[in-house]
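Heads up, the thing below is written out as structure tokens.
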Amino acid sequence: EYEGDRNSEGQRHGFGKALLPNGDTYEGQYENGLRSGTGTYRFKNGAIYTGSYLQNKKHGKGVFFYPDGSKYAGDWAHDQRQGYGEYLYANGDTYTGEWANNKRHGQGTYVYKNTGSKYVGCWVNGIQNGPAELIHLNYRFKGRFLNGKPLGRGKFIFDIGCEQHGEYIQPMEEEEEEPAPLPVDLMWKALKITKLTPWTPHSEELPASNAGSAEATE
């Protein structure tokens with residue numbers, strides 16, 4: 001069923017309301033018979049999308065309310081989360097950052113509601129991967145992540161004003177599931193303790209001479 005504007009060829013064109021055969025409904029803009037422009041699509045299962053369409057596909061800015069109570073607000077392209085957006089998960093966790101092909105991809109921040117911890121850094125196909133910080137209440141870790149876990153050289157930065165440099169040695173493990181849990185079962189090998197020092201995950205060596213002239217990083 002359709003109620004609304006049409007063009008000279010009888011196609012849905014302009015503003016209209018439609019009841020689809022599967023029980024879904026759409027109210028918004030049409031162009032030459034296709035959903036194009038802004039509109040609200042209500043799924044029979046309770047999900048709702050309100051935002052931009054292009055040729056029947058979610059494209060542009062939009063908000064999607066999922067049946068489990070989660071919500072995504074941000075960029076879309078060809079019916080997929082693509083670009084920049086914020087996802088509120090059903091368990092209260094949040095991710096704010098870049099997306100590609102419906103997955104967390106690029107730079108982004110994931111906040112774990114239960115602990116207040118934050119992962120700030122790189123993602124690849126939905127998994128923590130690349131340079132990042134894992135920020136806890138009284139300390140944080142700076143280093144590199146691979147498949148959702150820290151691996152290789154890094155450092156713990158403590159609020160009391162010191163750092164512990166070292167490296168993570170990761171044993172062989174099964175594949176990670178998504179979203180990746182906080183790492184808890186890795187082997188940390190401490191190398192030295194220093195004052196606060198500037199450092200990036202790309203550093204191969206951590207010169208002790210930097211310790212005296214270092215500055216704290218936020």
Side-chain angles (χ1 to χ4, degrees), residues 4-5 11-18 20 22-135 144-148 175-182 201 218:
D5 301 330
Q11 297 173 315
R12 301 175 185 182
H13 193 87
F15 182 83
K17 300 178 182 180
L20 284 73
N22 62 2
D24 297 348
T25 64
Y26 173 76
E27 180 175 344
Q29 297 293 324
Y30 283 88
E31 186 174 316
N32 298 324
L34 302 176
R35 295 187 296 276
S36 287
T38 58
T40 298
Y41 192 106
R42 299 177 185 273
F43 295 81
K44 188 178 180 180
N45 65 5
I48 300 173
Y49 171 80
T50 181
S52 295
Y53 275 93
L54 181 63
Q55 296 182 346
N56 271 359
K57 294 183 178 181
K58 297 182 287 291
H59 195 93
K61 300 287 186 182
V63 182
F64 200 113
F65 300 89
Y66 296 89
D68 64 358
S70 58
K71 180 182 81 168
Y72 172 79
D75 297 329
W76 296 82
H78 306 293
D79 258 350
Q80 295 186 315
R81 297 187 292 273
Q82 181 97 14
Y84 187 89
E86 178 175 352
Y87 201 116
L88 170 63
Y89 294 88
N91 65 357
D93 293 355
T94 60
Y95 171 80
T96 305
E98 296 176 304
W99 295 80
N101 300 319
N102 270 342
K103 294 183 178 181
R104 301 183 292 271
H105 190 87
Q107 290 290 324
T109 299
Y110 192 104
V111 180
Y112 298 85
K113 183 185 179 183
N114 287 342
T115 62
S117 297
K118 291 194 297 186
Y119 173 93
V120 182
C122 291
W123 298 77
V124 177
N125 292 325
I127 298 175
Q128 299 163 350
N129 219 61
E133 283 188 85
L134 188 58
I135 304 170
R144 278 190 166 275
F145 283 70
L146 180 66
N147 294 328
E175 293 184 1
E176 287 296 310
E177 49 184 77
E178 184 187 352
L182 287 172
E218 292 299 329

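Heavy atoms only: backbone and side chains are in, while hydrogens, waters and symmetry mates are out. Numbering starts at 1 and runs along the sequence shown.
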- request: Would you name the heavy atoms of R12 and A18 that are closest together and state the gap between them?
  value: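 Closest approach of R12 to A18: NH1-CB, 3.7 Å.
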field: Considering all heavy atoms, the nearest G121-A132 contact
entry: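 Taking every non-hydrogen atom into account, CA-CB, 3.7 Å.
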Indicate yes or no for a side-chain donor-acceptor contact from [X] to the backbone of [Y] under 3.5 Å, with no hydrogens or angles considered.
{"X": "D93", "Y": "Y112", "answer": "no"}
{"X": "R104", "Y": "G126", "answer": "yes"}
{"X": "S36", "Y": "Q55", "answer": "yes"}

field: Criterion side chain to side chain donor-acceptor pair (under 3.5 Å) on Y30 and D5, from CA distance to verdict
entry: CA-CA 8 Å; Y30 283 88; D5 301 330; over 6 Å; no
Donor-acceptor contacts under 3.5 Å from residues 75-82 side chains, at least two apart:
unit_1 : atom_1 : unit_2 : atom_2 : d
D75    : OD1    : K61    : NZ     : 2.6
D75    : OD2    : Y84    : N      : 2.9
W76    : NE1    : G62    : O      : 3.2
D79    : OD1    : K58    : N      : 2.8
D79    : OD1    : K58    : NZ     : 3.1
R81    : NH1    : Y66    : OH     : 2.8
R81    : NH2    : N102   : O      : 2.8
Q82    : OE1    : N101   : N      : 2.9

query: By side-chain contact (heavy atoms from CB on, under 4.5 Å), which residues pair with I135, not counting sequence neighbours?
result: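 Expected list: K118, V120, E133, R140.
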- request: Quick one: list whatever passes side chain to side chain donor-acceptor pair (under 3.5 Å) with Y26, sequence neighbours left out.
  value: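 None.
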- prompt: Residues two or more places apart in sequence or in another chain: which of them pass side chain to side chain donor-acceptor pair (under 3.5 Å) with E86?
  reply: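 For E86 there are no side chain to side chain donor-acceptor pair (under 3.5 Å) partners, ignoring immediate neighbours.
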- request: Assess whether side chain to side chain contact (heavy atoms under 4.5 Å, CB included) is satisfied between H13 and E31, documenting all intermediate values.
  value: CA-CA 5 Å; H13 193 87; E31 186 174 316; 3.8 Å; yes
- prompt: Is V63 close to K71 at the side-chain level, that is, under 4.5 Å between some pair of heavy atoms?
  reply: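 Yes, side chains in contact.
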message: Before you tell me yes or no, could you show the steps for N147 and N129 under side chain to side chain contact (heavy atoms under 4.5 Å, CB included), namely the whole-Å CA-CA distance, both residues' side-chain angles and the distance that decides it to 0.1 Å?
response: CA-CA 6 Å; N147 294 328; N129 219 61; 4.1 Å; yes
- request: Can you spot which of W123, Y87, Y72 makes a ring-ring contact (aromatic ring centres under 6.0 Å, His included) with Y95?
  value: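 So the option named by the test is W123.
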field: Euclidean distance, L34 CG relative to N56 CG, rounded to 0.5 Å
entry: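 Those atoms lie 4.5 Å apart.
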message: Nearest 0.5 angstrom please: F64 CZ to I48 CD1, how far?
response: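 Separation between the atoms: 9.5 Å.
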- prompt: Mind checking whether Y119 and F145 have parallel, tilted or perpendicular rings, split at 30° and 60°?
  reply: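 Y119 and F145: perpendicular rings.
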Per-pair distances, 0.1 Å, donor-acceptor, side chain in residues 38-45, under 3.5 Å, sequence neighbours excluded:
unit_1 : atom_1 : unit_2 : atom_2 : d
T40    : OG1    : T50    : OG1    : 3.1
Y41    : OH     : D24    : OD2    : 2.8
N45    : OD1    : A47    : N      : 3.0

